[in-house]
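Heads up: the structure comes next, in structure tokens.
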Amino acid sequence: MPKIVVVYLSTSGNTKKMADAIVEGAQSRNVEAVAMNFHEAKIEELKSADAIALGSSTFHYKMLPPMEKFIESLSKLNAKGKIGGAFGSYGWSGEAPVMIAEKMRELGMKVIDPVLRVQYTPEEKDLEECKRLGKDLANKVKKT
Ligand SMILES: Cc1cc2nc3c(=O)[nH]c(=O)nc-3n(C[C@H](O)[C@H](O)[C@H](O)COP(=O)(O)O)c2cc1C
């Protein structure tokens with residue numbers, strides 16, 4: 001079964017809610033999907049993933065520094081050709097998901113456009129959009 005791994009960094013749980021909804025959407029399309037906090041994520045596990053979605057909230061007009069480090073560590077795994085997704089909660093500027101997508105493209109990943117951003121705490125309609133991203137990722141990995 002194709003596998004999707006969703007890795008997030010969230011300070012107060014907003015981006016985590018998005019990650020959980022992305023997983024729910026993917027699972028509804030009968031694909032194996034799991035969400036994990038960035039410090040639980042093992043490179044080994046990501047190697048076997050067909051798609052990787054990465055999420056961070058925006059702090060000081062950037063993604064949170066540990067997520068930046070995490071993405072750098074992805075260069076150890078050959079992520080080229082994997083499907084990617086970028087997401088995150090934000091308050092007023094929301095650069096993080098855009099920057100994540102850029103880094104993933106530098107690694108040769110095929111990132112779904114546009115990135116998914118939610119202002120502060122996701123509401124029901126936002127969670128539906130997150131589920132939609134999960135479904136899109138699932139549909140793409142099924143085709144590969
Ligand atoms: C110290 C601090 C700095 C922040 N800087 C930004 C910023 O530059 N741009 C922005 O859009 N949001 C900024 N935010 C808002 C957060 O991105 C927002 O609260 C988000 O919902 C947090 O999501 P999380 O719980 O997943 O970490 C900042 C919040 C704090 C507390």
Side-chain angles (χ1 to χ4, degrees), residues 2-77 79-142:
K3 183 174 158 190
I4 299 173
V5 177
V6 181
V7 181
Y8 63 86
L9 204 182
S10 180
T11 63
S12 67
N14 292 337
T15 302
K16 179 187 189 302
K17 286 194 179 94
M18 295 178 73
D20 290 338
I22 293 167
V23 163
E24 203 184 315
Q27 286 172 343
S28 76
R29 287 288 187 271
N30 296 317
V31 163
E32 187 185 340
V34 58
M36 55 185 85
N37 204 317
F38 79 100
H39 59 72
E40 307 166 333
K42 302 270 179 303
I43 291 293
E44 283 310 309
E45 213 160 350
L46 291 170
K47 259 188 195 155
S48 63
D50 303 282
I52 301 171
L54 299 179
S56 166
S57 43
T58 299
F59 270 68
H60 307 297
Y61 307 101
K62 296 199 291 191
M63 72 179 96
L64 288 155
M67 180 52 86
E68 216 162 329
K69 283 219 178 80
F70 181 79
I71 297 179
E72 274 162 27
S73 75
L74 286 185
S75 59
K76 283 186 220 130
L77 118 157
K80 204 169 173 179
K82 286 189 198 286
I83 311 287
F87 63 97
S89 171
Y90 72 103
W92 50 90
S93 58
E95 288 86 349
V98 178
M99 290 175 170
I100 291 173
E102 211 173 273
K103 295 253 181 206
M104 290 173 111
R105 288 200 180 96
E106 280 169 23
L107 294 172
M109 296 177 68
K110 294 183 267 182
V111 186
I112 292 183
D113 221 16
V115 300
L116 182 57
R117 300 190 292 186
V118 167
Q119 201 170 19
Y120 295 114
T121 306
E123 293 173 9
E124 204 42 55
K125 67 166 175 34
D126 303 313
L127 294 173
E128 285 306 318
E129 273 193 61
C130 296
K131 286 181 201 165
R132 165 56 47 203
L133 174 59
K135 288 173 190 170
D136 287 350
L137 286 166
N139 291 338
K140 286 209 188 311
V141 295
K142 280 182 177 175

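Numbering of ligands and ligand atoms starts at 1, following listing order. Any value given below was found using the heavy atoms of this structure, including those in side chains, with hydrogens, waters and symmetry copies removed.
- Judged by distance alone, the side chain of Arg117 and the main-chain N or O of Gly94 form a donor-acceptor pair under 3.5 Å.
- Annotation: the span from Tyr120 atom OH to Trp92 atom CH2 amounts to 5.0 Å, rounded to 0.5 Å.
- Short contacts between ligand 1 and Thr11, defined as distances under 4.0 Å to a heavy atom of the residue, involve ligand atoms 24 (P), 25 (O), 26 (O), 27 (O).
- For ligand 1, the polar-atom distance check finds an N/O of Ser57 within less than 3.5 Å of one of the ligand's N/O atoms.
- Summarising the geometry, atom CD1 belonging to Ile43 is positioned 5.5 Å from atom CG belonging to Leu77; distances are rounded to the nearest 0.5 Å.
- Remark: Lys17 NZ to Cys130 SG distance equals 11.5 Å, nearest 0.5 Å.
- The distance from ligand 1 to the heavy atoms of Tyr120 drops below 4.0 Å at these ligand atoms: 18 (C), 19 (O), 21 (O).
- Scanning the protein for heavy atoms near atom 9 (N) of ligand 1, the closest one is Ser93 OG, 2.7 Å.
- Among protein heavy atoms, the minimum distance from atom 5 (N) of ligand 1 is reached at His60 N, 3.0 Å.
- Checked against a 3.5 angstrom limit, the closest N/O atoms of Lys16 and ligand 1 fall outside it.
- Between Thr121 and ligand 1, a contact under 3.5 Å exists for no N or O pair.
- Under 4.0 Å is where a charged nitrogen must lie from a carboxylate oxygen, and between Lys69 and Glu72 no such pair does.
- The shortest contact between atom 16 (C) of ligand 1 and any protein heavy atom is with Thr58 O, 3.5 Å.
- Between the Ser56 side chain and the Leu64 main chain, a donor and an acceptor come within less than 3.5 Å of each other.
- The shortest N/O to N/O separation between Gly13 and ligand 1 falls below 3.5 Å.
- If you check each of Phe59, Tyr90, Trp92, Tyr61 against atom 30 (C) of ligand 1, the one with the closest non-hydrogen atom is Phe59.
- Atoms of ligand 1 lying under 4.0 Å from at least one heavy atom of Ser89, given by number and element, are 17 (O), 20 (C), 21 (O), 23 (O).
- Annotation for Lys142: atom NZ counts as buried by contact number, over 12 foreign heavy atoms lying within 6.0 Å.
- Salt bridge absent: Glu106 and Lys103 never bring a charged side-chain N and a carboxylate O closer than 4.0 Å.
- Taking atom 12 (N) of ligand 1 as the reference point, the nearest protein heavy-atom neighbour is Gly91 N, 3.0 Å.
- Within the listing of ligand 1, atoms 10 (C), 11 (O) sit less than 4.0 angstrom from a heavy atom of Gly94.
- One finds a salt bridge joining Arg132 and Asp136 here, because a Lys/Arg side-chain nitrogen approaches an Asp/Glu carboxylate oxygen to under 4.0 Å.
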